[in-house]
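One structure is given here, and the rest of the page talks about it.
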Amino acid sequence: MFEKVKSPCDFIAAEHQVLKFWQETDAFEKLRAKNRGKEPWSFLDGPITANNPMGVHHAWGRTLKDVFQRYFAMTGHELRYQNGFDCQGLWVEVEVEKELGFTSKKDIEAYGLDRFVEKCKQRVRKFSQVQTDQSVRMGYWMDWSDSYFTMSDENNYTIWAFLKKCHDRNLIYKGTDVMPWCPRCGVGLSQMEMHEGYKFIPHRAVFIRLPLRNLGPGKQIPTGQKHYLLVWTTTSWTLTANVACAVAKDLTYLKVRGPDDAIYYFAEGCLDYQRLTEDFKSKDWPSNVPKLSTIKHIFEQQGRCEILAKLKGSELLGWEYDGPFDELPAQQKPGGLPFIDKSFAEKGATAANTHRIIHWDSVQAGEGSGIVHIAPGCGREDHQLAVEHSLPCLAPLDESGIYIEGFDWLTGRDAADHQLTTEIIENLKAKGMMVELERYPHRYPHCWRCNTELLYRLVDEWFISMSWRDEIMKVVDDVRWIPSYGRDREMDWLANMRDWMISKKRYWGLALPIFECTCGHFEVVGSRQELQDRAVDGWKEFDGNSPHRPWIDAVKIRCEKCGQTVSRIPDVGNPWLDAGIVPYSTVKYHSDRDYWSKWIPADLVLECFPGQFRNWFYALLAMSVMMEGKAPFKTLLGHALVRDEQGQEMHKSLGNSIAFEEAAEKMGVDVMRWSFCRQNPSTNLNFGYQAGNQIRNKVFNTFWNVYTFFANYARLDGFDPATAPVPIDKRQDIDRWLLSRLHDLTALANRCLADFDTFTFLRRAEVFFEDLSNWYVRRNRRRFWRPRSSDDTDKLAAYQTLYQTLTTLAKLLAPITPFVCETMYQNLVRSFDSSAPASIHHCNYPRPQDIPHDDTVCHEMDAAIAVVSRALSLREKHSLRVRQPLKELIVNSDDQRTARALSNFRDHILDELNVKTLTVTSDLAQRQKLSIKANFKTLGPKYHQDLKAISACLAQADPAAIAAGAEAGQQITLAADAGQSWTLTPEDILIEKSWPEGLAVAEPPGPMIALDIQITPELFREGLARDLVRHIQQIRKEIDLEIQDHITVTYATDSPEVSRAVAEHGQYICSETLCDNLTPGPTDDGKAITIAGQSVTLKVGRV
RNA sequence: GGGCUCGUAGCUCAGUUGGUUAGAGCGCGUCCCUGAUAAGGACGAGGUCGAUAGUUCGAGUCUAUCCGGGCCCA
């Protein structure tokens, strides 16, 4: 027997009950057991960073992952259900540093690497547990005892194997490069990480003048003259490392007499250039920063600006100048600093004596002066230019952004210190080099973790050469990308990426198995065994520890080349190595190759795509191509970002982010899941409680209310789902219609979910709920209320139809909203059939072929609904409430289908519209009253005097006949009694059509229908009776009666109309309201109501 | 500068292989219904489908160019 169901439902409380139920009944394990050995369906989970609690944005991807896993389980597949945690890397270190109150790497070293790494591991364990608990709450079925951790030994050693393969192909190298560097983290940022932290902020920018030593070798500056290069920079600290200046050959430069009557050189295009005019208008422009001046303006302010000559950039090449900080020892150090180039050193080349103008294609006129200050130790392009033009490099900063030895008064100072910038500017002023100081806002990179402004440093790091990118690009087309432009994104990245920088000078992460000897030779160790075999020292200290710093650092090997004892490089690895190796490290690649082949390539990878084309997807593809020459997944589904309700990015600092737990307990997990699944994954999701409420009202309340309606009546009626089904042809058309719709939805659900598209499915499901609730249930309520009788076949048909629909619907939606579907299933199915699967998630997914479909009935219903909708519109237009019965609905139909539909669904249409009769006709238009008139305009000129007679004659004629003739374009002959006759052309007749009084008509487009809106006194009284019923029902509700309770009603009214209505329709009123006795009488403390302007007092009592 | 992507109602978005009158939700307005009821429903206003040109019998849909937004790369 069904349990009584309450409405509305406390969905959140119900979710907790279901969680308990699953846990107590081991539901997940039973599902696994059921599917073990079946065809595999392989999902590969991208590791979630176990560094913080998960947020609602994680829940999107995890919901989709769960949905597809559940679907493929219900269609009889074996799954691995392995969740992954990303554990290693700087992001964890940063959080641990915060916990411990550290501000620099020195703090970590002082604290002790072993303790620090242990703290990192603890943090990962803690948050992996938090995320596990959260995931369980959201109904994510995974084997939570078997999650993989990227910090595992297996994961780390498998990366070693990958790196070894790379090294076997000579792809690993150590390179120096200038890279963005976070002085706080003491670490270089990869190309991948750079993108995260650009911010529009103002810096102090300077125009300086650098005195020319000559105008090219041998061309002296005329005595008495001063010639300057005008140079501009936003990072004045880099001026200390200036080596050269760059111009573009083809650009035009001006020779200008400027301040101090000196000669200045800069690009012509810069003279009047309005810098950052667009940005100045934008809302991002800092309010305290004034608009930028043009060079012309600056010069004129300082005295003069007189153009003396124009030169091509090529004419400036080779000119030599005095650098801004040539007095620094570093500037005078042969070979540069700190990476001393021997060949330069031998020639005595210093930065200071190298200063000259070089060519660079990228120089443009515009921002700045068109003469670019080049500091090869402080900029990536600068460094490349230095290589091309054989310039020494000065790299002034250490890893904390502090000036190294050799920079005199700057040494030991922090380059990012504002005070230092001020001092540098003062210094330039004192040397007479300052021209102008300004504040210049620009997009400047920041560390995406700690928000520190980045610097550019010359460093040495380890790289994997990507010379083999073609091999990776080849497998990109083996993958199905959803959305399809993902493929192009990935290809774009692969075509443009630089070599992969894999080292980081940090502590918690993959220990790069690179051993570099002082002799220059380096080796890559490919496994733990290999390391043990080659260890000459430290194995004992290491053995028993995870392959992390500091323990791994103890192990030494012997250099193959020179025999020296060699240490591992201290660097740790890029965390995308950790995640990219997962299809190998977590799927027994090394221990069980058959198992691996069974699961890889995975059928599906599903992640949030922003960023991942250059991160995880890239690492997966690259590493797998290196390992096995193929892509490790077949389909990739990417989804976009979660925004707040207004479409703003969610940020804790903005106060608009929603914690997962809060959403779960306030909105409910099923609602959350629905909102994720109904979203087109390629567009950002605006997530919030208002949207959630909408979904709960629209979808969940509707679903629940239909379920409640069914369950409570079925319970009262003793409906038994096991009763032999009423044959489909013995059911009503509307039953066949509903089942056909269910058939269609089932087909769509299978098609969509197998194709990883929840969104199309759910949009259709929402329409289905509408139809189910607002059409099927509303239309069939009376079949369920009907008292029991000897022939209950029709009632049974209704129960069975709705029962099948609800149980099928629950199963169809079980992957999407596993909680509410489970709740319904337990009551609808399990309460009767203890042999049914214990959980809905153990059921087979519904198949369309098991549900009947009748095409004709669907089309007919569409036609019937269209008529109803038009008729309701007519009622609306004429302010006729539906409770007021009307006499007749006339539908014009000249096609068979509509006619058949109207006859089949006649009762539904009449009942729905509260109309007495339905007439179908093919000539509704004929009911229009035609009137014809003479067209005096055309007749006048023809029959001057006869007009009156013609007019009289037309008034006598049969309008229909005349109009028909005129419309057919025929000539019309009129004959008067007097014997006169006229021949009229169609234009001579004016035809006017009007509908008879009392008929409301909906004209084309759309089916033409008419409603007889004349309300006779009988109809009016019937309307009154219905109003009374409605009010009595309302009172029943107010005094909390059960639906099966009987009542007595006493009423009092002065209105003879109402009294007569009661007299005529008492029977009807009583049966509708389960009233045993409806009598006039005293109604003390009764309820006063007004119906149709008449006041009535009602008193209702339970029998 | 190059690549990708988007542009449909006030807002958020659907719109299948080109095919009658371009849809939904929210908001707004006017009502209705109520034995699903702390809900629900109907109707209405609101659109040059970013612009222009082209292909076609027919373009929101295909092509080209331009304008505007976003993402990515340089």
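Below, chains carry the letters A, B, ... as their sequence lines are ordered, and counting in each starts from 1.
- At B:A36, one or more side-chain N or O atoms of A:Arg781 fall inside 4.0 Å of OP1 or OP2 (strictly under the cut-off).
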- Item | Per-nucleotide protein contact string for nucleotides 22-31 of chain B (B base, S sugar-phosphate only, - none; heavy atom under 4.0 Å) | ---SS---BS
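- Applying the ring pair (Phe, Tyr, Trp, His ring centres under 6.0 Å) test to A:His1031 and every residue at least two apart in sequence or in another chain returns nothing.
- Regarding contacts with the backbone of B:C33, every side-chain N or O of A:Arg1030 stays at 4.0 angstrom or more from both OP1 and OP2.
- Qualifying side-chain contact (heavy atoms from CB on, under 4.5 Å) partners for A:Asp794, counting only residues two or more places apart in sequence or in other chains: A:Gln732, A:Arg783, A:Arg786.
- Under the side-chain hydrogen bond (donor to acceptor under 3.5 Å, both in side chains) criterion, A:Asn697 pairs with A:Asn701, not counting sequence neighbours.
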All N/O contacts under 3.5 Å from nucleotides 9-15 of chain B to the protein, with atom names and distances to one decimal?
residue: B:A14; atom: OP1; partner: A:Asn680; partner atom: ND2; Å: 2.9

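- Within the structure, the salt bridge (charged side-chain N to carboxylate O under 4.0 Å, His left out) test picks out the following pairs touching residues 680-706 of chain A (sequence neighbours left out): A:Lys698-A:Glu770.
- With sequence neighbours excluded, no residue forms a ring pair (Phe, Tyr, Trp, His ring centres under 6.0 Å) with A:Trp616.
- Under the 30°/60° scheme for interplanar angles, the aromatic rings of A:Phe769 and A:Phe703 are found to be tilted.
- Residue pairs satisfying the salt bridge (charged side-chain N to carboxylate O under 4.0 Å, His left out) criterion with at least one member in residues 683-694 of chain A, sequence neighbours excluded, are absent.
- In the set B:C73, B:A36, B:U5, the nucleotide with an atom closest to the side chain of A:Tyr485 is B:U5.
- Taking atom CE of residue A:Met473 and atom P of nucleotide B:G3, one finds them 15 Å apart after rounding to whole Å.
- Considering A:Thr801, A:Asp771, A:Thr805 as possible partners of A:Tyr776, the one that fulfils the side-chain contact (heavy atoms from CB on, under 4.5 Å) test is A:Thr801.
- Following rounding to the nearest Å, A:Tyr618 (OH) and B:C72 (P) show an atom-to-atom distance of 18 Å.
- Screening residues 747-760 of chain A for salt bridge (charged side-chain N to carboxylate O under 4.0 Å, His left out), with sequence neighbours left out, gives A:Arg480-A:Asp755.
- Atom C1' of B:U61 sits at a distance of 10 Å from the matching atom of B:C49, rounded to the whole Å.
- Considering only side-chain atoms of A:Asp492, the nucleotide from B:U5, B:C73, B:A39 that sits closest is B:C73.
- Taking a pair as Watson-Crick or G-U with both hydrogen-bonding distances under 3.5 Å, the stems of three or more pairs touching RNA chain B are B:1-7 with B:67-73, B:10-13 with B:23-26, B:28-32 with B:40-44, B:50-54 with B:62-66.
- Following rounding to the nearest Å, A:Asn705 (CG) and B:G40 (C1') show an atom-to-atom distance of 9 Å.
- Separating the C1' atom of B:G19 from that of B:G29 is a span of 35 Å, rounded to the nearest Å.
- Residues satisfying the ring pair (Phe, Tyr, Trp, His ring centres under 6.0 Å) criterion with A:Phe710, sequence neighbours excluded, are A:Phe2, A:Phe719, A:Tyr799, A:Tyr803.
- B:A9 and B:G2 are spaced 36 Å apart, taking the C1' atom of each and rounding to whole Å.
- Legend: residues meeting salt bridge (charged side-chain N to carboxylate O under 4.0 Å, His left out) with A:Asp744, ordered by chain and number and at least two apart, are absent.
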